[in-house]
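Every chain is numbered from 1 and lettered A, B, ... according to where its sequence line falls, protein lines coming before strand lines. Everything quoted here is computed from the prediction, not taken from an experiment.
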Amino acid sequence: MSVNSLIDDLKARGLVAQMTNEEELVEHMAQGPVTLYCGFDPTADSLHLGHLVPLLMLKRFQDAGHRPIALVGGATGLIGDPSFKDQERQLNSAGVVQQWSECLKSQISRFIDFSGEDGAILANNYDWTASVDVLSFLRDIGKHFTVNKMIAKESVKQRIEREGSGLSFTEFTYQILQSYDFQQLNSQYGCTMQIGGSDQWGNITGGIDLTRRVNGASTHGLTLPLITKSDGTKFGKTEGGAVWLDAAKTSPYAFYQFWLQTPDADVYRFLKFFTFLPVTDIEALEEADRQREGRPQAQQVLAEEMTALVHGVEALEAARRITEALFSGDLSMLSADDYAQLQQDGLPATAVPTELADLPLTTLLVDAGMASSGKQVKDALQRNAVIINDTACGMEQNMAAAELFSAEAARFGSYFLVKLGKKKHHLFYLV
RNA sequence: GGUGGGGUUCCCGAGUGGCCAAAGGGAUCAGACUGUAAAUCUGACGCGCAAGCUUCGGUGGUUCGAAUCCACCUCCCACCA
């Protein structure tokens, strides 16, 4: 892909929120491979969907011949970015941040190619901040920032102006640290561009300013839009919380299901944001779906692309197998092997307790993680929305767990497929 | 340090002695309708199958009875110094 068409493609996908002078940027990219960076702060032991867009953006640049630097914020993660946050964040211990940094590193490596001499670079800002002493920091770096400008930034404005909140000096300093990153990466690797979410604009321009002052270098910035949902709720959340990229935290099956359930109003936008499918193909798909009666194909395409990308083709196959078995409506088609396979493929499964005479169904299903409170199970029972091996259960069976989970009732002497509502499935097995 | 305002169930936000497990909205869950979509309608929404149990920043107190009154403590905010 030529330089020009990369930016054009990004714009066509709606992936550009803001950028520094477009002409200069395009020209800069035309002159040869650009080294660019994006930072990821370790705020948990895994990246989640919110990180995916910038991460894939690095990949888009790499695919177009540029050289990405993935920066893990081992130092900035210790401070906490106040940008557009309405509350001061709780500090995490150094050991935890260190550990999380390692987690992020290995995840990032799955998306970007770090091999070879021209390969991407993995950096950690802890390496150049940890040893800076206070006086050097204040004299050599701090001197280039005016508090007036720092306060004026939109990203901290509300924290400073708003009642009921404050901004600690610690977090206020964050923008200086991030700016310092850019200046360092510019010195060390010739990095001339920073990308990030639109909330990072203030931090990015801060880095551009610092790099110009200290290194005398001209650099560029580009931000990505915040991913929004048509219904106004936050993108990337499910009832269980964030959708993680770590298969141990969000199973490939759950991940696949997440995308499959994307509302029509969002799905084509998401295809452009998250997949590498050409925009023209996506538009063609949208047109085809419009012509079609009933269910669109887009969600399926999106779910397959994303699951394959994040978890690999095998995990995708597993997710599809489970989906096929659970949503095709007929469980009798499943063989004993299929049940074992479902469990292996990541369908949540729990052993049936040996002593369940007195256990109500509510407790049983809550313990298995199917619902967060007995009330929810009770509600479902009252509406006959709990289905055990194709048999709907009502409230009157709540105390009949021993009967329902007897060896005679089990499929192949061992399995029970329990459905709560339309979408929640759980496998129980006798031991 | 002084003065004033405030801390209510996941979030916002009512409630100023019994009718309060606590209005209303949002989020969430389930049902109907659909396409595992949206919109709409219905129900649930502190915990418990239930009897019942535990909440309104904390601790004590007044009272037959407190989220509501009193004391002290604590945290937040505004203004003043």
Q) Under 4.0 Å between a side-chain N/O of A:Lys424 and OP1 or OP2 of B:rA30, yes or no? A) yes
Q: Could you pull out the closest heavy-atom pair between A:Leu185 and A:Ala123, with the gap in Å?
A: CD2-CB, 4.4 Å
Q.
Without decimals, in angstroms, what is the distance between A:Leu361 CG and B:rG48 P?
A. 14 Å
Q: Output, in order, the C-alpha distance, side-chain angles, deciding distance and verdict of salt bridge (charged side-chain N to carboxylate O under 4.0 Å, His left out) for A:Asp266 and A:Arg269.
A: CA-CA 5 Å; A:Asp266 297 321; A:Arg269 272 193 312 131; 2.8 Å; yes
**Q.** Length of the CG-C1' vector between A:Leu404 and B:rC49, whole Å
**A.** 14 Å
**Q.** B:rG13 and B:rG6, which share atom name P, separated by this distance in whole Å
**A.** 14 Å
Q) Once each nucleotide of nucleotides 31-39 of chain B is scored for protein heavy atoms under 4.0 Å, what B/S/- sequence comes out, 5' to 3'? A) B-BBBBBS-
**Q.** Separation of atom CG in A:Leu365 from atom P in B:rC29, rounded to whole Å
**A.** 17 Å
Q) Of the non-hydrogen atoms in A:Asp345 and A:Arg321, which two are nearest, and what is the gap between them? A) OD2-NE, 2.9 Å
Q) What integer number of Å spans the P atoms of B:rG65 and B:rG18? A) 14 Å
(Q) With rounding to the closest Å, how many angstrom separate the P atoms on B:rA71 and B:rU62? (A) 15 Å
Q.
So which atom in A:Ala349 and which in A:Gln343 form the shortest heavy-atom distance, rounded to 0.1 Å?
A. CB-CG, 3.7 Å
Q) Hey, what's the ring geometry for A:Phe169 with A:Phe172, parallel, tilted or perpendicular (30° and 60° as the breaks)? A) tilted
**Q.** Residues A:Asp379, A:Arg383: salt bridge by 4.0 Å N-O rule
**A.** yes
Q: Can you tell me, in whole Å, how much space there is between the P of B:rG48 and that of B:rU16?
A: 31 Å
(Q) Between C1' on B:rA50 and CG on A:Leu359, what's the gap in Å once rounded to a whole number? (A) 15 Å
Q: Determine the interatomic distance between P on B:rA27 and the same-named atom on B:rA39; round to the nearest Å.
A: 9 Å
Q. Can you check the A:Lys378 NZ to B:rG43 C1' distance for me, whole Å?
A. 12 Å
**Q.** Exercise: identify the closest heavy-atom pair between A:Ser46 and A:Gln107
**A.** OG-NE2, 2.9 Å
(Q) What is the distance, to the nearest angstrom, from the CD atom on A:Gln382 to the C1' atom on B:rU42? (A) 14 Å
Q. Given the P atoms of B:rA44 and B:rG24, what is the spacing between them in whole Å?
A. 12 Å
Q. According to the Watson-Crick and G-U wobble definition with distances under 3.5 Å, which dot-bracket string, read 5' to 3', encodes RNA chain B, using [ ] for crossing pairs and | for pairs with another strand?
A. (((((((..(((.....[.....))).(((((.......))))).((....))...(((((..]....)))))))))))).
(Q) Output the rounded distance in Å from CG (A:Asp379) to C1' (B:rG48). (A) 16 Å
Q: Taking all non-hydrogen atoms of both residues into account, name the closest pair between A:Ala12 and A:Val279 and its distance.
A: CB-CG2, 4.2 Å
Q) For atom P, what is the distance between B:rC77 and B:rC72, given to the nearest Å? A) 23 Å
Q: Kindly state whether the ring of A:Phe235 and the ring of A:Phe270 have centres lying under 6.0 angstrom apart.
A: yes
**Q.** Distance, rounded to the nearest Å, where A:Lys375 contributes NZ and B:rA21 contributes P
**A.** 14 Å
Q. Is the centre of the A:Tyr256 ring less than 6.0 Å from the centre of the A:Phe327 ring?
A. no
Q: In whole angstrom, give me the gap between the C1' atoms of B:rC69 and B:rU42.
A: 42 Å
